[in-house]
There are 4 protein chains.
Amino acid sequence: MARYSEKQKAALDALMRDDVYHHAMAIIKNEGLGALTMERIAVAVGVSRGTLYNYFDDRDAVIRFVKDRTFDPILRAIEEIAATDLDPALKLTRIANWIFTGVYNDSALIIALSPTKHELGNRESELERRSQAIRIIEGIIRDGIGSGAFKKLPPVVVVEIFVGSIMGMVESMSLSGEFYRAEAVVPTLMELFLGGLRASVQRPILTTP
Amino acid sequence: MARYSEKQKAALDALMRDDVYHHAMAIIKNEGLGALTMERIAVAVGVSRGTLYNYFDDRDAVIRFVKDRTFDPILRAIEEIAATDLDPALKLTRIANWIFTGVYNDSALIIALSPTKHELGNRESELERRSQAIRIIEGIIRDGIGSGAFKKLPPVVVVEIFVGSIMGMVESMSLSGEFYRAEAVVPTLMELFLGGLRASVQRPILTTP
Amino acid sequence: MARYSEKQKAALDALMRDDVYHHAMAIIKNEGLGALTMERIAVAVGVSRGTLYNYFDDRDAVIRFVKDRTFDPILRAIEEIAATDLDPALKLTRIANWIFTGVYNDSALIIALSPTKHELGNRESELERRSQAIRIIEGIIRDGIGSGAFKKLPPVVVVEIFVGSIMGMVESMSLSGEFYRAEAVVPTLMELFLGGLRASVQRPILTTP
Amino acid sequence: MARYSEKQKAALDALMRDDVYHHAMAIIKNEGLGALTMERIAVAVGVSRGTLYNYFDDRDAVIRFVKDRTFDPILRAIEEIAATDLDPALKLTRIANWIFTGVYNDSALIIALSPTKHELGNRESELERRSQAIRIIEGIIRDGIGSGAFKKLPPVVVVEIFVGSIMGMVESMSLSGEFYRAEAVVPTLMELFLGGLRASVQRPILTTP
DNA sequence: CATGAATGAGGATTCATTCAT
DNA sequence: AATGAATGAATCCTCATTCAT
């Protein structure tokens with residue numbers, strides 16, 4: 001009796017979600033998260049507002065979905081890079097490259113999406129995603145310190161600085177409107193970061209006075 | 001003629017603006033910029049909505065005011081530090097410290113306020129403020145490179161990374177909910193940053209004053 | 001696909017617009033244009049304010065709609081009368097009759113709507129409508145002068161007086177609250193107007209003293 | 001104890017009212033009645049809003065006052081003209097001239113003021129003023145009919161047409177934006193009006209078809 | 001009397017969301 | 001499943017008016 005088999009239904013569902021992702025991204029990029037109304041999405045996708053509600057519980061679900069779909073690949077890439085047996089410095093460089101490149105394409109989007117913080121309860125998944133990434137990168141840094149390649153700096157803080165500086169760079173560029181390609185920025189970023197992190201010649205470590 | 005002298009009026013005005021700043025900050029921190037409605041502010045301050053409009057042209061003016069009041073001291077501090085004759089590395093350290101400390105108190109606020117992007121037209125003053133800071137810091141870095149203290153890396157990119165990593169750190173902390181005091185983070189940050197920036201040969205490391 | 005066919009939708013739309021026209025008219029007549037708030041209309045029509053916005057972009061659109069719906073039939077009638085091959089005097093009489101009758105039903109409305117001046121930008125269509133009517137009537141008067149039926153008075157001024165006296169009459173009645181039927185007023189009006197306009201036998205010309 | 005004597009107070013009062021009239025006129029002319037807020041007036045006059053309320057009960061009182069001050073001279077002039085022993089046709093011509101000229105100077109104003117009708121309760125004085133004028137003019141027309149100078153047309157309707165055509169002309173000009181001087185319009189107007197009104201040679205009367 | 005800060009009642013709009021068809 | 005009309009809560013903003021100083 002059912003018109004669509006389970007499979008067909010799932011396929012339909014996937015198509016709809018693809019469409020929504022595509023158009024929601026475009027709207028957010030061009031006009032900001034505030035412009036992402038159900039009406040706008042519905043019109044862009046070519047369905048009625050009501051139909052949208054058959055696929056997403058509410059507007060927040062749409063936002064959550066778009067975020068997830070944007071960040072998950074980055075997380076997976078980080079996991080994959082961490083799983084290789086490259087040396088820690090190289091891993092970090094690749095991660096920086098990946099994030100930067102991945103983010104580059106959706107530049108403004110990241111910014112628009114990021115500090116949703118207070119807007120509704122998407123914090124959980126977001127934080128979880130973030131803390132997963134953090135934990136993985138922290139592992140890499142601990143490895144580096146353990147192997148004597150990196151200085152003995154507090155890993156937790158180092159991770160935050162690593163991630164923070166990448167995200168900060170993206171935000172910086174977004175605010176100033178000047179976008180550099182990954183190749184133009186990542187080397188300098190890593191030069192600075194690794195330059196300071198590498199346990200090169202001995203140098204007394206600095207602590208807060 | 002007038003019952004209140006100019007001074008009294010100014011004082012009243014200042015009081016109101018202080019109040020608004022105070023409560024607007026609280027609202028933004030706890031619930032985000034989106035929760036900053038005129039009604040909320042009015043209730044918090046203890047006046048009617050109408051009264052608010054006697055002090056601020058519109059909601060946007062309130063937001064602008066809060067931003068200015070938050071960022072201006074930072075900008076001025078940066079200017080002052082840049083004007084000293086400390087060596088570049090120390091200047092950068094102090095600036096990092098200042099921003100970090102200053103921002104620490106209003107932590108989440110910065111994030112909530114920063115990427116207003118797409119929302120209203122307050123970008124101008126915001127960008128100007130930012131570019132002023134950027135220009136000043138860029139000057140310091142050029143000095144460092146000129147004096148041979150820093151590596152010859154593209155100053156523009158270095159600044160972005162410097163500023164970006166600080167802002168990113170703040171945002172990182174804001175997202176994760178764990179806030180470190182400046183003393184706990186800045187040394188590490190500068191160790192990394194300066195470690196990578198310095199024209200190698202060893203040199204005693206600089207500490208936060 | 002759609003539950004409602006295009007036709008049904010159009011019908012619904014027409015119904016709503018009819019309703020709005022009806023009630024908006026009543027409100028304007030009784031309490032003036034200023035009383036025509038979206039709330040008032042919504043309550044009168046029996047829908048929510050939000051629903052109104054599904055049919056009209058904003059309050060201005062409602063006003064424009066009511067005006068158009070009121071004036072357009074008059075304009076069309078004038079065009080039709082002008083297109084006949086009646087003699088000019090008769091054309092004018094019929095036009096006066098038409099305007100007067102048509103307007104009679106919406107009497108006060110015309111006044112309430114007409115000098116919206118300074119209020120919103122609906123002047124364009126209004127003026128255009130007016131100038132179309134003027135142009136047509138001017139043509140009739142020129143014909144009359146050309147054929148020797150009318151005196152050689154400046155057509156432009158004559159039109160203004162013709163139109164002005166009709167509109168003025170309506171306004172007069174509206175202000176005084178006494179409404180005469182077209183049959184009671186138009187003959188007198190035309191007697192005066194045509195009596196003065198016709199190129200009769202000689203008559204001493206009157207000049208301003 | 002009183003600071004001001006009655007006289008002084010009255011003088012002060014008159015000054016204030018003069019000022020208000022002056023500036024209120026300017027505002028109405030340039031921006032319409034809607035722009036006539038207490039704040040605007042207060043600023044223009046150079047006093048506080050509160051002070052305005054010492055001279056006028058409310059906004060409506062201001063509007064009433066401005067109207068009165070504008071129309072009263074016209075009414076008085078009509079009375080004076082009616083009191084002369086000129087012949088009826090000449091009286092009407094002079095009245096038309098007077099109204100037209102008087103209004104010419106405040107052109108748009110008349111329109112802006114006229115259909116206040118529904119706006120608050122200034123109807124009484126307005127109507128009274130109007131009906132006084134009507135009554136006087138009606139008297140002139142009756143005289144004309146009585147003396148055999150005018151045709152036997154219903155005086156009430158003739159008055160309305162006379163007044164209506166003048167006011168209509170003014171409004172016409174206001175709407176179209178083209179203002180003619182009294183000398184350019186009144187002769188034509190009176191030519192038409194008196195041409196039709198005079199009991200001249202016999203001519204078949206035209207009735208509505 | 002003058003002042004002007006405070007008030008609060010409107011009025012316009014926008015959207016997320018529901019639900020009958 | 002899809003539709004889209006209807007809803008109504010939320011928000012911004014404007015002013016006439018009051019009243020303590």
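Labels below follow one simple rule: chain letters A, B, ... track the order of the sequence lines, proteins then strands, and each chain is numbered from 1.
Whole-Å rounding puts the A/L12 CG to F/dA2 C1' distance at 11 Å. With rounding to whole Å, B/D19 atom CG is found 16 Å from E/dA5 atom P. With rounding to whole Å, C/D13 atom CG is found 10 Å from F/dA6 atom P. Whole-Å rounding puts the A/L52 CG to E/dC19 P distance at 18 Å. If you take CE of B/M16 and C1' of E/dA5, they are 9 Å apart, rounded to a whole angstrom. Rounding to whole angstrom units, CG of residue A/L33 and C1' of E/dC15 are separated by 14 Å.
Heavy atoms of D/F56 sit nowhere under 4.0 angstrom from any nucleic acid atom.
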Less than 3.5 Å apart, which donor and acceptor atoms pair up between the side chains of residues 36-52 of chain D and the rest of the protein, not counting sequence neighbours?
unit_1: D/T37; atom_1: OG1; unit_2: D/R40; atom_2: N; d: 3.0
unit_1: D/E39; atom_1: OE1; unit_2: D/R49; atom_2: NE; d: 2.9
unit_1: D/E39; atom_1: OE1; unit_2: D/R49; atom_2: NH2; d: 3.3
unit_1: D/R40; atom_1: NH1; unit_2: D/E31; atom_2: OE1; d: 3.0
unit_1: D/R40; atom_1: NH2; unit_2: D/E31; atom_2: OE2; d: 2.8
unit_1: D/S48; atom_1: OG; unit_2: D/G50; atom_2: N; d: 3.4
unit_1: D/S48; atom_1: OG; unit_2: D/T51; atom_2: N; d: 3.2
unit_1: D/S48; atom_1: OG; unit_2: D/T51; atom_2: OG1; d: 3.0

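Ion pairing of B/R64 with B/D68 is absent here, as no side-chain N (NZ or NE/NH1/NH2) approaches a carboxylate O to less than 4.0 Å.
Applying the ring pair (Phe, Tyr, Trp, His ring centres under 6.0 Å) test to every pair with at least one member in residues 30-69 of chain B, sequence neighbours left out, gives these pairs: B/F56-B/F65. Pairs passing the side chain to side chain donor-acceptor pair (under 3.5 Å) check and including a residue from residues 11-20 of chain D, sequence neighbours excluded, read D/D18-D/R69.
Considering only side-chain atoms of C/Y55, the nucleotide from F/dA5, E/dA2, F/dA2 that sits closest is F/dA5.
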> Dot-bracket for DNA chain E, 5' to 3', with Watson-Crick and G-U pairs under 3.5 Å, [ ] for crossing pairs and | for other-strand pairs: what is it?
Replying inline: .||||||||||||||||||||

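With rounding to the nearest 0.5 Å, the separation of CG in B/N30 from CE in B/M25 is 11.0 Å.
For the OP1/OP2 pair of F/dA6 and a distance below 4.0 Å, the side-chain nitrogens and oxygens of C/S48 include no atom meeting the criterion.
Here A/N54 pairs with nothing under the side-chain contact (heavy atoms from CB on, under 4.5 Å) rule; sequence neighbours left out.
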Mind listing the N/O atom pairs, protein and nucleotides 13-17 of chain F, below 3.5 Å?
unit_1: F/dC13; atom_1: OP2; unit_2: B/Y53; atom_2: OH; d: 3.1
unit_1: F/dC13; atom_1: OP2; unit_2: B/R59; atom_2: N; d: 3.0
unit_1: F/dA16; atom_1: OP1; unit_2: D/R59; atom_2: NE; d: 3.2
unit_1: F/dA16; atom_1: OP2; unit_2: D/M38; atom_2: N; d: 2.9
unit_1: F/dT17; atom_1: OP2; unit_2: D/Y53; atom_2: OH; d: 3.2
unit_1: F/dT17; atom_1: OP2; unit_2: D/R59; atom_2: N; d: 3.0
unit_1: F/dT17; atom_1: O4; unit_2: D/R49; atom_2: NH1; d: 3.4

